[in-house]
J.: 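Submitted below is the structure of interest, expressed as structure tokens.
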Amino acid sequence: MHVRFTLCILHFCNYIASSCRLTGSELTPDMLLDGNIIIGAVMNVHMDKVYPNIDYKEKPGPVICTTLMLDTYQRAQAVHFTVVEINKKNNLLPNITLGFQLFDSCTVLPRAVSQILQMLSGHGKPLPNYRCNQETRLAAVIGHSSSTYSILLAHILGLYRYLQISHFSTSSLLSDRIQFPSFFRTVPSDAFQSQGLAQLVLHFGWTWIGLVATDDDYGQQGIYSVKRDIIKAGACVAFSETIIYSQEDLNAPHIARVAKDSTATAVVIFSPDIDLSFVLDEMLRQNVTGKVWIASEAWSTSSFLSVNKYSRILLGTIGFTLPSGSMPGFGDFLNRINPSMVVGNRQIKLFWEQVFGCTFQDHTSTKDLLNSSVKKCTGQESLENIQNNFNDVSSLRATYNVYLAVHAIAKALDNMDKCKKGDGPFPNGSCADIENFKPWQLLHYIKKLHLNMLDGRQLFFDENGDPPAVYDIVNWQLNPEGQIQQVTVGSYDTSRTSGNVFNINSSHVQWGTGHHGGQKFEDPEQATLLVIGKQYFRIRRLPYDFPFLTCKFIKHILFLKNSSQVPVSVCSPSCPPGFRKAARKGQPLCCAQCIPCPSAEISNYTDSLQCTKCPWDMWPNPTQDHCVPKTQEFLSHEDQLGITLTTTGISSSLVPVAIFGLFIYYRTTPIVRANNYSLSCLLLLSLSLCFLCSLVFIGYPQYEICLLRQVTFGVVFALCVSCILAKTIMVVIAFNATRPGSQLRKWTRPHVSYLIVISCILIQIFLCIMWLTFSPPFLEVKSESNSGVLIIQCNEGSPLAFWSMLGYLGLLAFISFIVAFLARRLPDSFNEAKFITFSMLAFLSVWLSYIPASLSSQGKYMVAMEIFAIQSSTWGLVICMFFPKCFIILFKPDMNSREKLMTKQKNLSD
């Protein structure tokens with residue numbers, strides 16, 4: 001039955017082939033190598049095509065492919081090279097010969113579909129659902145490079161579970177295992193590239209980004225992912241434009257105009273190089289400059305765009321590209337290609353004519369159709385004498401992915417061939433028959449594949465058929481010959497376990513702003529170390545013609561200096577630390593305004609969305625980008641005000657001491673003896689202590705000082721005022737005691753005045769003890785909410801106790817004032833009542849003025865106010881009480897005599 005069924009299929013295939021029906025031209029592979037197992041490949045070796053004229057009178061002719069692409073033709077030859085290399089190995093598929101069929105899709109989607117169907121049917125004409133060639137097995141298909149083509153091919157191949165491995169299709173849609181169960185690729189998905197491109201633009205501080213993409217699956221899915229990731233990272237999209245295939249001009253004029261008018265400097269482009277060339281031509285016409293192009297892997301290393309024509313626009317381009325790999329012997333293989341080879345002979349002749357600019361006599365080429373030439377090809381021309389993109393193997397990227405794809409298929413077949421019966425992965429431990437395996441059986445082995453290449457690269461596929469995402473970051477720079485080259489400046493590797501996925505050396509990046517028309521510095525091995533900005537250049541020795549080279553060297557340095565400055569691409573300037581970013585109404589967050597932080601708040605990084613308050617004991621620095629400790633405010637000895645008050649207090653305390661010495665020296669004189677000598681001396685000592693007690697208020701207010709300074713002030717002033725009160729009372733008692741029969745004579749004794757002083761002091765001491773016991777003063781650190789000052793002060797504890805102590809002093813002074821005022825006209829010798837009246841009036845005036853002044857001030861100024869009150873009130877007592885006596889003693893000694901005293905008493909009696 002099996003034999004009959006096979007014969008039936010073959011008969012049906014022959015019948016279909018000979019039947020009369022309208023079909024396209026019979027398809028033949030562009031490159032073919034027979035083998036037991038065939039690897040199919042569909043690539044766009046040509047970049048352009050010419051469609052036949054359709055007049056509906058005869059069968060349309062085939063599409064004519066034009067403009068052979070040297071780099072894509074290199075990839076086609078990589079399939080041939082790899083298959084030959086594998087067939088030579090004894091340890092890989094030793095009893096099996098691999099072959100391949102390679103078709104050129106010529107960027108025509110229906111053509112690619114027909115080629116896939118032809119490979120599946122094994123017939124010269126596409127026959128869906130039939131396999132007419134039973135002698136060879138189709139193992140897998142390599143291709144396509146375009147994501148849109150690969151998606152359509154994957155739908156077809158996935159129906160039969162045929163393995164498909166793409167070397168350049170990066171659309172993230174192809175990672176869908178439900179829609180594309182048999183699709184794999186040796187190039188990472190755009191899902192990873194979009195994340196890397198988002199990190200790239202943010203690394204350089206670009207937050208205002210333009211987007212350009214083709215209107216296919218690759219472009220739209222890629223730009224959607226980039227847009228999503230850059231918005232998630234905080235950047236904004238300035239514009240998003242599409243290269244529209246359905247328009248004759250590909251929408252290029254509109255895209256160029258939008259890019260020129262936009263303030264965005266950085267533009268991400270997802271497009272194949274061929275389609276992008278139309279947009280770049282239009283940008284040249286519209287003079288679009290000053291942009292930084294961020295390239296996807298589809299054109300980041302394009303030799304087609306790396307020409308002087310586009311250097312004015314593309315210099316400084318930065319983007320992601322596939323990592324390069326090593327293919328030993330591939331360069332020699334390419335140089336050995338010649339028109340005498342059988343495999344791909346027709347393509348080789350087309351390639352030969354294009355490279356050497358000649359025509360074969362027996363070959364009707366594209367050149368014959370479009371442009372006749374008299375030069376004839378001999379076939380003896382040597383590729384070794386020509387250096388172009390075809391035989392340049394210095395940086396194999398997409399070509400190396402083709403190499404990986406063929407090796408992956410061969411390794412999977414080898415693993416399937418080495419399966420031992422009973423240990424197989426299929427039901428009952430069975431193995432697949434290498435001569436008659438099913439497509440789904442090979443899928444099992446490709447999923448488990450782990451391939452180690454000779455250059456150290458590893459290839460394996462995740463559950464979505466994607467390899468590890470590894471990219472090089474390249475920058476378009478001028479080489480010493482003034483031509484554009486792609487220089488690797490970083491990498492993006494998601495397989496790194498250290499977490500350092502994104503890595504770039506910014507100092508090696510050159511931007512288009514420094515373009516100098518290809519002029520180069522002749523001697524890069526010079527001798528010195530120059531530093532200009534952030535760019536460093538090492539020169540090893542000074543040449544003899546250094547003065548001659550100086551001008552050119554300076555030009556070179558200035559060019560590199562300019563090209564090392566990162567271009568700015570922002571909608572609005574970044575908000576520096578000390579400001580917060582606030583969105584403008586109706587505009588994206590990137591188009592924001594910068595608002596200064598409030599006085600007590602900071603922002604310590606660029607583009608902060610909010611300001612934060614400093615701790616209670618800290619205050620923003622002048623730029624408001626970090627908090628600094630608040631300035632401690634207290635009346636210091638080093639402060640100018642503190643120095644003045646200290647000097648005044650010490651010098652003032654010497655005045656009562658000097659008067660005390662004067663009184664001791666003149667203690668026998670009538671003016672000293674007549675005014676209660678002992679109380680006067682005690683009063684002078686207390687006045688000196690009053691001046692000195694003000695010094696306790698100056699300096700850092702330690703806890704012990706806070707406890708004692710107000711108490712010291714209260715007790716010392718109580719002593720001073722009580723002495724004055726005692727003197728006043730004694731004057732009144734002494735006058736009244738002179739009357740006949742007066743009972744007050746016994747109160748004129750000195751101990752009465754001492755008793756008054758002690759009693760007054762004890763009351764003040766009692767008040768202070770109660771104060772210190774129940775609510776003592778304490779050290780207080782006071783922080784004002786809108787001030788950068790930390791006030792260090794003594795909190796008086798109980799305001800009632802403080803004002804009671806001060807009020808008691810006022811009471812004593814007031815009593816002294818009343819008594820002295822009433823006794824001012826008593827006819828006593830050297831009556832002090834009038835002086836006491838003025839002194840108490842000055843004392844009360846000072847302290848009454850202190851009350852509102854202290855309530856309206858704070859910090860060191862409140863302390864200074866109290867010191868001023870202490871010193872000024874003390875000076876009032878000194879001046880009013882003792883200066884008149886000192887004046888008489890020193891300058892009017894004739895008045896300091898008993899005769900004057902008696903005369904004065906007699907005059908008063910009269």
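Numbers here simply count residues along the sequence, with the first being 1. Basis for what follows: all heavy atoms, side chains included, without hydrogens, waters or symmetry-related copies.
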J.: Pairing donors with acceptors under 3.5 angstrom, does anything connect the side chains of S194 and D229?
T.: yes
J.: Can you see which heavy atom on T301 is nearest to which on W476, and at what distance?
T.: N-CZ2, 4.5 Å
J.: Do N36 and R137 make a side-chain contact, defined as non-hydrogen atoms from C-beta onward lying under 4.5 Å apart?
T.: no
J.: Under a plain distance cut-off of 3.5 Å, with no hydrogens placed, do D273 and S302 share a side-chain donor-acceptor pair?
T.: yes
J.: Under a plain distance cut-off of 3.5 Å, with no hydrogens placed, do D466 and S175 share a side-chain donor-acceptor pair?
T.: yes
J.: Enter the distance from L98:CG to E85:CD here, rounded to the nearest 0.5 Å.
T.: 11.5 Å
J.: Distance-only, no hydrogens or angles: does the S277 side chain make a donor-acceptor pair with backbone N or O of I274 under 3.5 Å?
T.: yes
J.: Using the ring of each side chain (for Trp, its six-membered ring), is Y218 parallel, tilted or perpendicular to F270, with breaks at 30° and 60°?
T.: tilted
J.: Where do L174 and S166 land on the side-chain contact (heavy atoms from CB on, under 4.5 Å) test, with the steps shown first?
T.: CA-CA 10 Å; L174 289 164; S166 174; 5.9 Å; no
J.: Of all the heavy-atom pairs spanning L451 and A408, show the shortest one and how long it is.
T.: CD2-N, 3.9 Å
J.: Can you check whether V402's main-chain N or O pairs, donor with acceptor, with R75's side chain at less than 3.5 Å?
T.: no
J.: Check the side chains of Q221 and S171 for a donor-acceptor pair under 3.5 angstrom, ignoring hydrogens and angles.
T.: no
J.: Please step through side-chain contact (heavy atoms from CB on, under 4.5 Å) for the pair M43 and L102, ending with a clear verdict.
T.: CA-CA 7 Å; M43 298 181 180; L102 188 144; 4.2 Å; yes
J.: Per the side chain to side chain donor-acceptor pair (under 3.5 Å) rule, what does the pair list look like for residues 417-427, sequence neighbours excluded?
T.: D414-K418
J.: Do R161's NZ or CZ and the ring of F183 fall within the cation-pi criteria of under 6.0 Å and 45°?
T.: no
J.: Applying side-chain contact (heavy atoms from CB on, under 4.5 Å) to V279 and V212, what does each step give before you reach the verdict?
T.: CA-CA 10 Å; V279 178; V212 177; 5.5 Å; no
J.: List the residues meeting ring pair (Phe, Tyr, Trp, His ring centres under 6.0 Å) with F81, not counting sequence neighbours, and say none if there are none.
T.: F330, F333
J.: If we ignore hydrogens and angles and just use 3.5 Å, is the side chain of T242 paired with the main-chain N or O of I244 as donor and acceptor?
T.: no
J.: For the atom pair CD1 (I446) and CD (Q164), what is the distance rounded to the nearest 0.5 Å?
T.: 12.5 Å
J.: Kindly give the heavy-atom pair with the smallest separation between Y445 and A412, and that separation in Å.
T.: CB-O, 3.8 Å
J.: Are V50 and V63 packed together at the side-chain level, in the sense that at least one heavy-atom pair is separated by less than 4.5 angstrom?
T.: no
J.: I'd like to know if the side chain of N87 and the backbone of V83 have a donor-acceptor N/O pair within less than 3.5 Å.
T.: yes
J.: Just by distance, with hydrogens left out, do S395 and R397 show a side-chain donor and acceptor under 3.5 Å apart?
T.: yes
J.: Check whether the side chains of S306 and Q485 place a donor and an acceptor atom closer than 3.5 Å, and report yes or no.
T.: no
J.: What closest approach, in Å, do V45 and A76 show between heavy atoms, and which atom pair accounts for it?
T.: CG2-CB, 4.2 Å
J.: Would you kindly say whether Q193 and D190 are connected by a side-chain donor-acceptor distance under 3.5 Å?
T.: yes
J.: Is there a donor-acceptor contact under 3.5 Å from the side chain of Q199 to the main chain of F502?
T.: no
J.: State, yes or no, whether a side-chain contact exists between I96 and L413 at a heavy-atom distance under 4.5 Å.
T.: no
J.: First locate atom OG1 of T399, then atom CZ of F168, and finally report the distance between them rounded to the nearest 0.5 Å.
T.: 9.5 Å
J.: Is the shortest side-chain heavy-atom distance between D472 and L322 below 4.5 Å?
T.: no
J.: Rounded to the nearest 0.5 Å, what separation is found between the CE atom of M119 and the CG atom of L153?
T.: 8.0 Å
J.: If you look only at pairs with a residue in residues 407-426, which of them pass as a ring-ring contact (aromatic ring centres under 6.0 Å, His included), with sequence neighbours excluded?
T.: Y403-H407, F426-W440, F426-H444
J.: Could you name each residue pair satisfying salt bridge (charged side-chain N to carboxylate O under 4.0 Å, His left out) that touches residues 434-455, not counting sequence neighbours?
T.: none
J.: Hey, mind stepping through T317 and Q486 against side-chain contact (heavy atoms from CB on, under 4.5 Å) and telling me if it holds?
T.: CA-CA 9 Å; T317 295; Q486 288 81 33; over 6 Å; no
J.: Might you confirm whether atom CG of N428 has over 12 heavy atoms from other residues, nucleotides or ligands at distances under 6.0 Å?
T.: no
J.: For F278, look at atom CZ and say whether over 12 heavy atoms of other residues, nucleotides or ligands are found less than 6.0 Å away.
T.: no
J.: Just to verify, which of N389, D392, N388 counts as forming a side chain to side chain donor-acceptor pair (under 3.5 Å) with S303?
T.: N389
J.: Would you kindly say whether T170 and E297 are connected by a side-chain donor-acceptor distance under 3.5 Å?
T.: yes
J.: Restricting to ring pair (Phe, Tyr, Trp, His ring centres under 6.0 Å), what partner residues turn up for F320, sequence neighbours left out?
T.: Y471, Y492
J.: Taking only residues two or more places apart in sequence, or in another chain, which ones meet F351 in a ring pair (Phe, Tyr, Trp, His ring centres under 6.0 Å)?
T.: Y73, F390
J.: Would D30 and Q347 count as a side-chain hydrogen bond (donor to acceptor under 3.5 Å, both in side chains) if you check the C-alpha gap in whole Å, the side-chain angles of each, and the deciding distance to 0.1 Å?
T.: CA-CA 7 Å; D30 293 276; Q347 292 287 349; 2.8 Å; yes
J.: Do L383 and L334 have side chains that approach each other closer than 4.5 Å (heavy atoms only, starting at C-beta)?
T.: no
J.: Given 3.5 Å as the limit, does a donor-acceptor pair link the side chain of D275 with the main chain of S271, or not?
T.: no
J.: Find out whether I269 and I294 are in side-chain contact, i.e. whether some heavy atom of one side chain is under 4.5 Å from a heavy atom of the other.
T.: no
J.: I'd like to check S182 versus L163 (side-chain heavy atoms, cut-off strictly below 4.5 Å). Are they in contact?
T.: no
J.: Between Y400 and T186, is there a side-chain heavy-atom distance shorter than 4.5 Å?
T.: no
J.: Roughly how far, to the nearest 0.5 Å, is CZ of R185 from CG of L404?
T.: 15.0 Å
J.: Which residue in the set T107, N44, T66 passes side chain to side chain donor-acceptor pair (under 3.5 Å) when paired with K49?
T.: T107
J.: Between Q354 and T67, what is the shortest heavy-atom contact and its length?
T.: OE1-C, 4.1 Å
J.: Rounded to the nearest 0.5 Å, how far apart are CG of N475 and OG of S300?
T.: 11.5 Å
J.: Could you tell me whether the side chains of T214 and D216 share a donor-acceptor contact shorter than 3.5 Å?
T.: yes
J.: So which atom in V393 and which in G331 form the shortest heavy-atom distance, rounded to 0.1 Å?
T.: CG1-CA, 3.9 Å
J.: Go through the side-chain N and O atoms of H144 and S105 and say whether any donor and acceptor fall under 3.5 Å apart.
T.: yes
